[in-house]
Asks: 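Could you have a look at this structure, given as structure tokens, before my questions?
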Number of protein chains: 2
Amino acid sequence: MNGHIMQPALNLETIKVACSNCNLRELCMPVGFNVDEMKRLDEVVEKRRRVKQGELLFNSGDTFTSLYAIRTGFFKTCVTSEDGREQVTGFQMAGEIIGMDGIVSDRHNCNAVALEDAEVCVMPFATVEDLSRELPALQRHVHKIMSREIVRENSVMMLLGNMRAEERLAAFLLNLLQRLHARGLSQSELVLRMTREEIGSYLGLKLETVSRAFSKFSEDGIIEVKQRYVKVLEPDALKKIFNPQTY
Amino acid sequence: MNGHIMQPALNLETIKVACSNCNLRELCMPVGFNVDEMKRLDEVVEKRRRVKQGELLFNSGDTFTSLYAIRTGFFKTCVTSEDGREQVTGFQMAGEIIGMDGIVSDRHNCNAVALEDAEVCVMPFATVEDLSRELPALQRHVHKIMSREIVRENSVMMLLGNMRAEERLAAFLLNLLQRLHARGLSQSELVLRMTREEIGSYLGLKLETVSRAFSKFSEDGIIEVKQRYVKVLEPDALKKIFNPQTY
DNA sequence: CGCTGCCTTGACCATGGTCAAGGTGCGTGG
DNA sequence: CCACGCACCTTGACCATGGTCAAGGCAGCG
């Protein structure tokens, strides 16, 4: 609601199209490069692309050509089954890389939709591959990013397979806050960029259940909710819900 | 039950420790190499390792050093939450690669347990990285394998988030059969290598629910079940359960 | 100012979880 | 070779979680 918790609050005009002087570099690119390597790294970003709220960055079935590093904005990725059911597979924010689902079949396997106006760095995958043959640190980084996604999905499977509604929402909020905090934002306040229905789709719940869980946390004094604004009053209580064995 | 549906029925004695003359090459390695490149490829397999039924190939927390290509046998991978809940994240069979969860943090993030006596090719990841800087086809292959795992996990998320018990089991059976068929085994018969509880953990269901779903399919004449032996009598009916909109 | 999209809440219900009892088949040791 | 024990599976009865359906509220926008 108020300025200091809007995420992310980056001024586009001050940013040049180059990884070497990008303030998100540490989030989306490997560290420990010398100046020369840094220059080479700038080659991977072909251009920037703006995506308006509600628009698709890529669609399931599109030919895969590039990975995308999110500069600003917020995305969701979804898969759709043949009979039309939609599953949100992730929410991505500045500094994160999307599009890796497309590598295996040269076609994207999910949609990426901007949940707010966004800007991404387009990184043609052929260039990424060429360069990562020359720069072992880049190669290692690409492998790590994909591995991280595999590990993230493992924990979503745990969430969907084993957790109850309130545990899922607690885990979701803690994860979002942790990622926002890593970007210099508050550890306790956030503005959700997605609807209750999108949260529910991600968590394997209906929107009413998500809403009820929010209300429950609010009644219990654990959080303060007003529409999409959420403030965590009792982080330990949230963690306890998420992981009841602790304590 | 009878010989021709046992999986996999490979004679270890006839196999040399080299990708270049491995009968699973097409499943776990890229195609289109010339003889020279093929020779180089053999370098990635450091050695073979046998894992007895019930033993761990790697444990969550172990230092990550290698990927493993399954030669023979059948594995499950599991993640365990802090409070001890276990989630089976996948079942892997001959020709599939496991261990990619370890790349991001240099530690394995899940367990891999042999569900039957198994043999794997140990591929030190440092070697894989070195060689894939020289062989673009290998590089591309490594990327595809990881992307494939991401896409697989996306569809598990769909399954866990959106499907009902019987749909999950139908999808599971169809997926297993399709993979076994790709290995030259029957399209309609299989012997499950995992318990009802393990199936349930993978599918986000309790073992009783899995058992009931098997019984239901059996009553409906869609499959024939006897303990771990399953024969699909009506594949179309199974597909219809899995994807009710079709037809 | 009214429309629209999103959210909340209540009442009811269905799916699948829990608990319990008993069955089946296999491996081991007598 | 048989018997026992164990691990795994099946089935029933009951119950809880979360889904469904419905009504109404709130906030932002044209």
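Reminder, nothing fancy here: chain letters follow the sequence lines and each chain counts from 1.
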Asks: Tell me whether the side-chain N/O atoms of S215(B) come closer than 4.0 Å to OP1 or OP2 in dT11(D).
Replies: yes
Asks: Return yes if the base of dC6(C) and the side-chain atoms of E197(A) contain a donor-acceptor N/O pair under 3.5 Å, otherwise no.
Replies: no
Asks: Could you state the CE-P distance from M194(A) to dG5(C), rounded to the nearest angstrom?
Replies: 21 Å
Asks: Please report the distance, rounded to the nearest Å, between CG in L115(B) and C1' in dC8(D).
Replies: 14 Å
Asks: Expressed in angstrom and rounded to an integer, what is the separation of R228(A) atom CZ from dG28(D) atom P?
Replies: 11 Å
Asks: Tell me whether the side-chain N/O atoms of S211(B) come closer than 4.0 Å to OP1 or OP2 in dT10(D).
Replies: yes
Asks: Write down the distance between CG (L207(B)) and P (dG16(C)), rounded to a whole number of angstrom.
Replies: 15 Å
Asks: Might you confirm whether atom CD of E197(B) has over 12 heavy atoms from other residues, nucleotides or ligands at distances under 6.0 Å?
Replies: no
Asks: More than 12 heavy atoms of other residues, nucleotides or ligands under 6.0 Å from CD of Q187(B): yes or no?
Replies: no
Asks: Starting from P on dC29(D), measure out to CD on Q227(A) and report it in whole angstrom.
Replies: 13 Å
Asks: Measure from the side-chain heavy atoms of A165(A) and tell me the nearest of dG18(D), dC7(C), dG16(C).
Replies: dG18(D)
Asks: Where the side chain of T195(A) is concerned, which of dG16(C), dC9(D), dC7(C) is the nearest nucleotide?
Replies: dC7(C)
Asks: Does the ring center of F91(B) lie less than 6.0 Å from the ring center of F75(B)?
Replies: no
Asks: Under 4.0 Å between a side-chain N or O of K226(A) and OP1 or OP2 of dA27(D)?
Replies: yes
Asks: At less than 4.0 Å, is any side-chain N or O atom of R164(B) found next to OP1 or OP2 of dA14(C)? Yes or no.
Replies: no
Asks: With a 4.0 Å cut-off on heavy atoms, is L205(A) in touch with a base, just the backbone sugar-phosphate, or nothing at all?
Replies: sugar-phosphate
Asks: Mind calculating the distance between CZ (F214(B)) and C1' (dC8(D)) to the nearest angstrom?
Replies: 13 Å
Asks: Regarding G204(A), tell me which of base, sugar-phosphate or nothing describes its non-hydrogen contacts under 4.0 Å with the strands shown.
Replies: sugar-phosphate
Asks: Take atom CG of N162(B) and atom C1' of dG16(C), then tell me their distance rounded to the nearest Å.
Replies: 17 Å
Asks: Under 3.5 Å, is there any donor-acceptor pair linking the side chain of E208(A) to the base of dC21(D)?
Replies: yes
Asks: If you look at every strand shown and take non-hydrogen atoms under 4.0 Å, does R212(B) touch a base, only sugar-phosphate, or nothing?
Replies: base
Asks: For T80(A) and G84(A), indicate whether the former's side chain and the latter's backbone hold a donor-acceptor pair under 3.5 Å.
Replies: no
Asks: Can R49(A) and E55(A) be counted as an ion pair, charged N to O under 4.0 angstrom?
Replies: no
Asks: Without decimals, in angstroms, what is the distance between F217(A) CZ and dT8(C) C1'?
Replies: 16 Å
